[in-house]
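Chain identifiers are assigned alphabetically (A, B, ...) following the order of the sequence lines, protein sequences preceding nucleic acid strands; residue numbering begins at 1 within each chain. Given the structure is predicted, the values throughout are model-derived calculations rather than measurements.
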There are 2 protein chains.
Amino acid sequence: MRASDKAYEALRTDIVEWRLRPGAMLGEVEQAERLGVSRTPLREALARLVADGLAIQERGRGAMVSDVSLQHVDNLFALRRALEIESARIAAHTADPAVFAALSARFLEAGRSATIETRESFFQLAGELDRSIDAAVANPYIEQALRSLRVHLARIRRLAQDDPERLATSAIEHASIAAAIAARNPDVAAAATQLHLHHSLEHIKNHAGSREDT
Amino acid sequence: MRASDKAYEALRTDIVEWRLRPGAMLGEVEQAERLGVSRTPLREALARLVADGLAIQERGRGAMVSDVSLQHVDNLFALRRALEIESARIAAHTADPAVFAALSARFLEAGRSATIETRESFFQLAGELDRSIDAAVANPYIEQALRSLRVHLARIRRLAQDDPERLATSAIEHASIAAAIAARNPDVAAAATQLHLHHSLEHIKNHAGSREDT
DNA sequence: ATGCCACCAATTGTATACAGAAACCTCCAG
DNA sequence: CTGGAGGTTTCTGTATACAATTGGTGGCAT
């Protein structure tokens, strides 16, 4: 693996998992020494982070971890609506019903046994649905836009305080999306996605947690 | 201006305007000498092109200008539908009616006097509409996704053989979009955008030109 | 006391030198 | 004549040295 890739992955993970907080300065020399690479590959990594929108370049002072606020969350969900609803629609046209029927069943099962311990496995299952939709959409342009979007979503996930109740509801909503795609019904798939996004956003806005942990 | 920015702009323009054809290899040393910069900033420029999807990294052989085909056009328009329809919808909620009413009138005027000579001024007007919608949407995430999209659209524009008739029709379609936004009617704005995209895609697919010019 | 200018320190931006890896060509063997 | 292996060559990937720009700080003048 290239050193620049290693540096990029490390920095992105640190930012997404809030080890590098918004506003933190990313000095080239400092980060290069911390990650054990030279300034050249680290510079490339920083450029990619800026392109992703995870950092912004502060002229003369280096790169800074970009800010997150509820206003940003609204903006992010507007993009999410545009991309995910259309993706669900397309997937409902092209998907293999068996794959999504199976996913739907697994979501229903996850919804029945939702506790705070199953949180990680639930997110993994949601990731599987994402990948299955990507595969059904089969559109590299949409895929790239979604990949960029999901990085930001993973970062603001920490803003939401997930309780078992919300996880269970979310699982059922995911199950509905998968079921609609399996049924090859684009309108229902779009509606289920829109409903899920609405509830998800409402939950974040109503249960925005403080950031004093970690 | 930084040397890396200069190299990026130069290469992007060369690719968008088909001076660098799909499949062309972009050797670091060769391009660095051609553009009069060192390998380090050129490398950064190449990384940005790869991130944009205008080039793909060929392991061991450097970067290659990415391919364009009718299949890619379909994929690109699927993303365009997702982003532009939602953008039109949002703009119809927030826009200043006066701005878009004026744009609509200018599009109608452009549609009446459409010749092959007014082609460039028409594209400039379309660009103004894009920027006005961006300003109304006021969403950096969507804006970035649209910016990336428009680079690809500018490249495939050369695939379409624009005749005065299509330019006139397109102007009227743009006028409808602007008018719907001015009227603050999201559904009509979305419908007008969808119609425009459909016609635009149909035109490209039916009139795909050969690429033996320039 | 406050505002402005100049200097200084630190950080980014660029260039070049070096190392490692991959592709191509050549030569040999079957 | 064809296939494979080894070497050569050219490329990318990395490190480091140097230059230029910028932000901060201190002093001076008003």
Under 3.5 Å, sequence neighbours excluded: what are the donor-acceptor pairs made by side chains of residues 53-63 of chain A?
{"residue": "Glu58(A)", "atom": "OE2", "partner": "Arg61(A)", "partner atom": "NH2", "Å": "3.1"}

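If you measure from atom CD of Glu44(B) to atom C1' of dT14(C), you get 11 Å, rounded to the nearest angstrom.
Look at Ser4(B) and you'll find a side-chain N or O under 4.0 angstrom from OP1 or OP2 of dT14(C).
The existence of a salt bridge linking Arg80(A) and Asp74(A) is excluded, since no basic side-chain nitrogen approaches an acidic carboxylate oxygen closer than 4.0 Å.
By the salt bridge (charged side-chain N to carboxylate O under 4.0 Å, His left out) test, Glu173(A) pairs with Arg166(A), sequence neighbours left out. By the salt bridge (charged side-chain N to carboxylate O under 4.0 Å, His left out) test, Arg34(A) is found to be paired with Asp14(A), residues two or more places apart in sequence or in another chain being considered. For Glu109(A), the side-chain hydrogen bond (donor to acceptor under 3.5 Å, both in side chains) partners at least two apart in sequence or on another chain are Arg112(A). With sequence neighbours excluded, the residues forming a side chain to side chain contact (heavy atoms under 4.5 Å, CB included) with Leu195(A) are His199(A), listed by chain and number. Partners of His72(B) by ring-ring contact (aromatic ring centres under 6.0 Å, His included), not counting sequence neighbours: none found. Annotation: side chain to side chain contact (heavy atoms under 4.5 Å, CB included) contacts of Ala91(A) (sequence neighbours excluded): Ile133(A), Ala136(A), Val137(A), Ile181(A). Scanning for salt bridge (charged side-chain N to carboxylate O under 4.0 Å, His left out) contacts around Arg89(B) gives Asp187(B), with sequence neighbours left out. Arg48(B) pairs by the side chain to side chain contact (heavy atoms under 4.5 Å, CB included) definition with Asp5(B), Tyr8(B), not counting sequence neighbours.
Along DNA chain D, read 5' to 3', the first and last nucleotides having any atom under 4.0 Å from a heavy atom of chain B are dT12(D) to dT14(D).
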**Asked** Where along nucleotides 7-12 of chain C does protein come under 4.0 Å, by heavy atom, of base (B) or sugar-phosphate alone (S), with - for untouched nucleotides?
**Response** -----B
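Residues of residues 6-15 of chain A that place a heavy atom closer than 4.0 Å to DNA chain D do not occur.
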